[in-house]
Engineer: 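Input: one structure, supplied below.
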Amino acid sequence: MCGIVGAVAERHVQEILLEGLRRLEYRGYDSAGMAVLSDDARLNRQRAVGKVAALENKLADAALKGTLGIAHTRWATHGRPSEQNAHPHQSGDSLAVVHNGIIENHETLKGELEAQGYVFTSETDTEVIAHLLSREFTLAQDLLQAVQRSVALLEGAYALAVVHRADPDAIIGARKGSPLVVGVGIGEAFLASDPLALLQVTDRFIYMMEGDVVRLSQGGSIELFDAGGERVERPTHIFEHGDGVTSKGGYRHFMLKEIHEQSQVIAATLEGRLGDHQVLVNSFGTDAEQLFRGVRQVHIIACGTSYHAGMVARYWIEKLAGVPTQVEVASEYRYREVVVPEGTLFVTLSQSGETADTLAALRFAKQRDYRGSLAICNVPGSSLVRESDLTLMTQAGPEIGVASTKAFTTQLVALMLLALALGRVRGANGEHAPIVQGLRELPGVINQVLALDGEVERLSMAFAEKHHALFLGRGAHFPIAQEGALKLKEISYIHAEAYPAGELKHGPLALVDSEMPVIAVAPNDELLEKLKSNLQEVRARGGELFVFADESIRMETSAHLHVLRVPAVSDALAPIVYTIPLQLLAYHVAVLKGTDVDQPRNLAKSVTVE
Ligand code: G6P
């Protein structure tokens, strides 16, 4: 939700900031802006509605020259996308700020500041911060102190970067509830919402902790202060994925590249975590075995696609470990009275590790009597990882496409490892060896499914003119159907819903006609015969059926029935495999419809606001 980048360099920073914004565009893309301090300490700003390219066009006509600046790409929360609401926000012509997050007490603060004579020109909560900083600077005559005093008055979530004409050598950054990293350069220093934004200038990063404030200044100086204002040192991490991750690598879209990376990243997620016939329980941390032994229940909390991964895990954990499991979306969980039976493990799933609702759910859970918390996450050093007792990192590498693909399938792999680990500590002895073997073979099976791309592309033509679609699955494939529907609606804007196939007759069947394509996920499992009966119900109503079926099933393409044969795979791992043709379907439909596949309208990859 909004991307921030800042640079204090030995060269002009406009290009560094622009490249940073392009790389952060996945976080929001309804408007963008930049403020740069010129050599004679004047604050110059450009803002534009739309994507970063619109800002780039403006800068091509009127470049911002200077060696220190901040920039922002926005995902609107307070106030519609407009130039006036775009960041940076200024207070007079002295101070500029960029902000990611939501200030919950902005109305109270605005009232106070207006009474003190500050004039507001936007509808954003961020402008409150600009004027507050300005007021505090007048009192403190020091930018660092002004930021420390101001953030103490803010309620809600923020990552900030601030510049002031009177302190022309420095950028001050602050974070609470929204991510911010410091990029360590040689004689230069940078700030960004995500290391990816800065890979063109450095691979060394300091992850700021909650409440930290940082002062970056000319010469590459980095001074960090904790929430109490004490000077602190934080470790510097080397970013290990390399810069290739931010290019499309010859693919038309990041999403397609990421779909095709799945075999490789699943192999990476399994690496070092499997013994000969068992999962290695200490992959979850040295304390995991002891902690898992006392687990009697599991609560899984997540949002969006990650929530669907959790739904699949419920089937696996109950079946393979015999442990009752509940799954809930984070934004609901955190606002209800939760009963926590003794021995309950709290599990969060998140690609980014910064999703505000998931993070708040973890903090809420930590106040309750859970046995421990486990985060399954894709971003090392993220807030969720830092605040959980145990972590299992997925190795998907950075995911740029807003619609999650490889992060989802690696989460599923990690969750299968969890189900097997819980089963193992509860005495499963050898009976899960075929699943362990199946996991080893999974990358190869994924490659076979990816080879179906051309066939899926042909099927996709039947969807381009449709307005609705229905996805059906049973058992652990119901959440896979939900994920298929979510992918289609996210990037093609076709309204799509998923149902457990057995529920069809209780309502959604009323919607079925020739204009409603029905997609069914049909692995060869114990529910197949029941699913086939459900599909007959669709055919009898003149529906157009698209069945993604195990290659061993006797079902042929015929009038109003399109069958896509999926390579045979064990029951346990089928949900991972069946995800892939659904991702490809959504992708090709979106391409046919000409939507913005990697950055679908109204969405953002990392939702760091509630
Ligand atoms: C956003 C993204 C989704 C993602 C969800 C949860 O809504 O657009 O693709 O599934 O956030 O994100 P997380 O990083 O916590 O998995």
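Order of appearance sets the numbers: ligands from 1, and atoms from 1 within every ligand.
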Engineer: Using a strict cut-off of 4.0 Å, indicate which atoms of ligand 1 neighbour a heavy atom of Thr305.
Structural biologist: 10 (O)
Engineer: Would you say the side chain of Leu486 lies within less than 4.5 Å of the side chain of Tyr307, judging by non-hydrogen atoms?
Structural biologist: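 Side chain of Tyr307 against side chain of Leu486, heavy atoms only: no contact under 4.5 Å found.
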Engineer: Looking only at protein heavy atoms, which one is nearest to atom 5 (C) of ligand 1, and how far off is it?
Structural biologist: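 Heavy-atom neighbour on the protein nearest atom 5 (C) of ligand 1: Cys303 O, 4.0 Å.
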Engineer: Examine the side chains of Arg175 and Ser383 and answer whether a donor and an acceptor come within less than 3.5 Å of each other.
Structural biologist: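 Yes - a donor-acceptor pair under 3.5 Å links their side chains.
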Engineer: Decide whether an N or O pair under 3.5 Å exists between Thr358 and ligand 1.
Structural biologist: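 No, since none of the N or O atoms of Thr358 sits under 3.5 Å from an N or O of ligand 1.
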Engineer: Are Ser388 and Phe346 side-chain neighbours, meaning at least one heavy-atom pair lies under 4.5 Å?
Structural biologist: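 The answer is no; the side chains never approach within 4.5 Å.
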Engineer: Hey, does Asp453 have a side-chain heavy atom less than 4.5 Å from the side chain of His260?
Structural biologist: yes
Engineer: What do you reckon, does Gly304 have a nitrogen or oxygen under 3.5 Å from a nitrogen or oxygen of ligand 1?
Structural biologist: no
Engineer: For ligand 1, is any non-hydrogen atom under 4.0 Å from Glu354's backbone (N, CA, C, O), its side chain (CB onward), both, or neither?
Structural biologist: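 No part of Glu354 comes within reach of ligand 1.
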Engineer: Considering non-hydrogen atoms of the protein only, which is the closest contact for atom 7 (O) of ligand 1, and what is the distance?
Structural biologist: Val607 CG2, 3.7 Å
Engineer: May I ask you to list the atoms of ligand 1 that are less than 4.0 angstrom from any heavy atom of Ser306?
Structural biologist: 10 (O), 13 (P), 16 (O)
Engineer: Does any N or O atom in Gln351 lie less than 3.5 angstrom from one in ligand 1, N or O only?
Structural biologist: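 There is such a contact, yes.
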Engineer: Considering only protein heavy atoms, which is closest to atom 9 (O) of ligand 1, and at what distance to one decimal place?
Structural biologist: Val402 O, 3.4 Å
Engineer: Could you tell me the residue and atom name of the protein heavy atom closest to atom 2 (C) of ligand 1, and the distance to it rounded to 0.1 Å?
Structural biologist: Lys605 O, 3.3 Å
Engineer: Could you check His468, Lys489, Gln482 and say which one makes a side chain to side chain contact (heavy atoms under 4.5 Å, CB included) with Glu497?
Structural biologist: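 Among His468, Lys489, Gln482, the one that satisfies the side chain to side chain contact (heavy atoms under 4.5 Å, CB included) with Glu497 is Lys489.
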Engineer: Might you work through the ring pair (Phe, Tyr, Trp, His ring centres under 6.0 Å) test for His237 and Tyr207, ending with a clear yes or no?
Structural biologist: CA-CA 8 Å; His237 298 267; Tyr207 294 95; 5.2 Å; yes
Engineer: Only one of Val181, Leu198, Leu199 clears side chain to side chain contact (heavy atoms under 4.5 Å, CB included) with Phe239; which?
Structural biologist: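 Option passing the side chain to side chain contact (heavy atoms under 4.5 Å, CB included) with Phe239: Leu199.
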Engineer: Look at ligand 1 and say whether Ala604 reaches it with a heavy atom at a distance under 4.0 Å.
Structural biologist: yes
Engineer: Would you say Thr348 and Ser350 are linked by a side-chain donor-acceptor pair, where the criterion is simply a distance under 3.5 Å?
Structural biologist: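 No pair is found: no donor N or O on one side chain lies under 3.5 Å from an acceptor on the other.
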Engineer: So if I count the atoms of ligand 1 from 1 in the order they appear, which ones are less than 4.0 Å from some heavy atom of Ser350?
Structural biologist: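 Those qualifying, in numeric order: 13 (P), 14 (O), 15 (O), 16 (O).
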Engineer: Please state which option from Leu603, Val379, Leu384, Thr355 has its nearest heavy atom closest to atom 12 (O) of ligand 1.
Structural biologist: Thr355
Engineer: Which residue is it: Val52, Asp596, Leu603, Leu24? I am looking for the one with a side chain to side chain contact (heavy atoms under 4.5 Å, CB included) to Tyr29.
Structural biologist: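 The passing option is Leu603.
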